[in-house]
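We're numbering straight along the sequence, starting at 1.
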Amino acid sequence: MILTKAGIVLAVVMAAGAAVAQTPDQIAAAKAAHQPVVVVTEKKQLYPPVEQAQADVRAALLLARKEHKRVILDFGGDWCGDCQVLDIYFHREPNADLLAKNFVKVNVNIGHEDANLDLAHKYGVPVHGVPALAVLDAQGKVIYAQDKEFSDMRYMQAQSVTDFLNKWKK
């Protein structure tokens with residue numbers, strides 16, 4: 001169990017196994033067999049109110065310029081189990097350290113895939129599934145935009161997030 005800052009208990013069941021990169025076929029097989037790597041039994045609030053997104057992105061870009069970092073925009077919703085798992089993986093080492101040293105992260109609430117879609121599309125994220133990430137330079141130029149790469153996060157290992165962060169850090 002993990003105790004969050006807000007004091008809400010987030011129960012997580014972890015499957016045993018080494019932290020290795022998975023192939024798309026391995027992820028599909030785990031999904032077909034209904035064998036998630038992580039099962040989230042209580043969801044925590046990750047995404048701020050929908051109307052906060054524009055201001056949060058502007059603030060992140062200012063901070064990224066000041067700190068010479070990149071920006072990760074995380075499009076999702078609190079209802080999304082895969083978004084919850086991605087958040088868990090972002091807070092594990094070495095991911096937490098990689099994130100803190102190289103990125104400013106912004107959670108963008110897309111409602112039930114009906115809000116902030118203009119912002120997602122502005123940054124090249126089609127939102128066919130969530131979570132969906134965009135990596136920006138400090139000036140707001142898109143370096144990389146995902147489509148559905150992490151939309152099956154509960155069936156993926158934490159190493160996939162580590163690989164992503166290492167690939168897109170400065």
Side-chain angles (χ1 to χ4, degrees), residues 2-8 10 12 38 40 42-170:
I2 298 169
L3 187 62
T4 67
K5 289 181 185 176
I8 300 169
L10 177 66
V12 179
V38 176
V40 178
E42 291 186 42
K43 295 182 179 163
K44 65 180 185 175
Q45 183 177 353
L46 303 173
Y47 296 88
V50 167
E51 54 277 351
Q52 195 172 316
Q54 296 281 352
D56 285 353
V57 172
R58 282 192 301 274
L61 288 169
L62 287 172
L63 184 59
R65 284 193 289 276
K66 180 181 175 186
E67 296 183 356
H68 307 287
K69 294 180 178 180
R70 290 186 168 168
V71 174
I72 292 180
L73 302 179
D74 176 354
F75 295 92
D78 293 335
W79 51 267
C80 168
D82 294 301
C83 299
Q84 297 284 330
V85 173
L86 178 61
D87 182 70
I88 291 166
Y89 287 170
F90 271 137
H91 286 91
R92 284 196 186 157
E93 291 304 335
N95 298 338
D97 188 53
L98 283 166
L99 192 62
K101 287 182 179 176
N102 299 288
F103 302 94
V104 177
K105 184 172 171 285
V106 179
N107 286 358
V108 178
N109 189 338
I110 61 158
H112 286 280
E113 297 188 23
D114 60 356
N116 286 315
L117 297 181
D118 56 334
L119 190 61
H121 296 150
K122 174 181 178 180
Y123 293 109
V125 178
V127 190
H128 292 129
V130 291
L133 306 179
V135 179
L136 314 176
D137 69 13
Q139 285 68 44
K141 179 183 174 205
V142 177
I143 296 170
Y144 179 73
Q146 287 185 335
D147 188 2
K148 298 187 287 187
E149 185 176 334
F150 285 165
S151 65
D152 289 325
M153 185 52 63
R154 72 187 95 184
Y155 299 100
M156 298 170 71
Q157 301 285 339
Q159 184 65 41
S160 60
V161 177
T162 307
D163 294 345
F164 177 88
L165 293 171
N166 277 319
K167 182 174 184 175
W168 300 110
K169 69 182 183 182
K170 273 188 151 179

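Partners of Asp56 under the salt bridge (Lys or Arg N to Asp or Glu O under 4.0 Å) rule, at least two apart in sequence or in another chain, do not exist in this structure. Take Lys105 and apply the side chain to side chain donor-acceptor pair (under 3.5 Å) test, not counting sequence neighbours, and it matches Asp74, Asn107. The side-chain contact (heavy atoms from CB on, under 4.5 Å) test applied to Glu93 returns Ala96, Asp97, not counting sequence neighbours. Judged as a side chain to side chain donor-acceptor pair (under 3.5 Å), and not counting sequence neighbours, Asp137 has no contacts. By the ring-ring contact (aromatic ring centres under 6.0 Å, His included) test, His68 pairs with no residue at all, sequence neighbours left out. A search for ring-ring contact (aromatic ring centres under 6.0 Å, His included) contacts involving Phe150 returns Phe164, not counting sequence neighbours. Ser151 pairs by the side-chain contact (heavy atoms from CB on, under 4.5 Å) definition with Lys148, not counting sequence neighbours. Listed by chain and residue number, Leu61, Leu62, Ala138, Gln139 satisfy the side-chain contact (heavy atoms from CB on, under 4.5 Å) test with Arg65 (two or more places apart in sequence, or in another chain). Partners of Arg154 by salt bridge (Lys or Arg N to Asp or Glu O under 4.0 Å), not counting sequence neighbours, listed by chain and number: Asp82. Scored by the side-chain contact (heavy atoms from CB on, under 4.5 Å) test, Asn109 finds Tyr47, Val50 as partners (sequence neighbours excluded).
Screening residues 92-117 for ring-ring contact (aromatic ring centres under 6.0 Å, His included), with sequence neighbours left out, gives Trp79-His112. Screening residues 113-128 for side chain to side chain donor-acceptor pair (under 3.5 Å), with sequence neighbours left out, gives His128-Asp147.
With a 4.5 Å cut-off on side-chain heavy atoms, Lys44 and Asp87 count as touching. Using a 4.5 Å heavy-atom threshold, the side chains of Leu165 and Asn102 count as separate.
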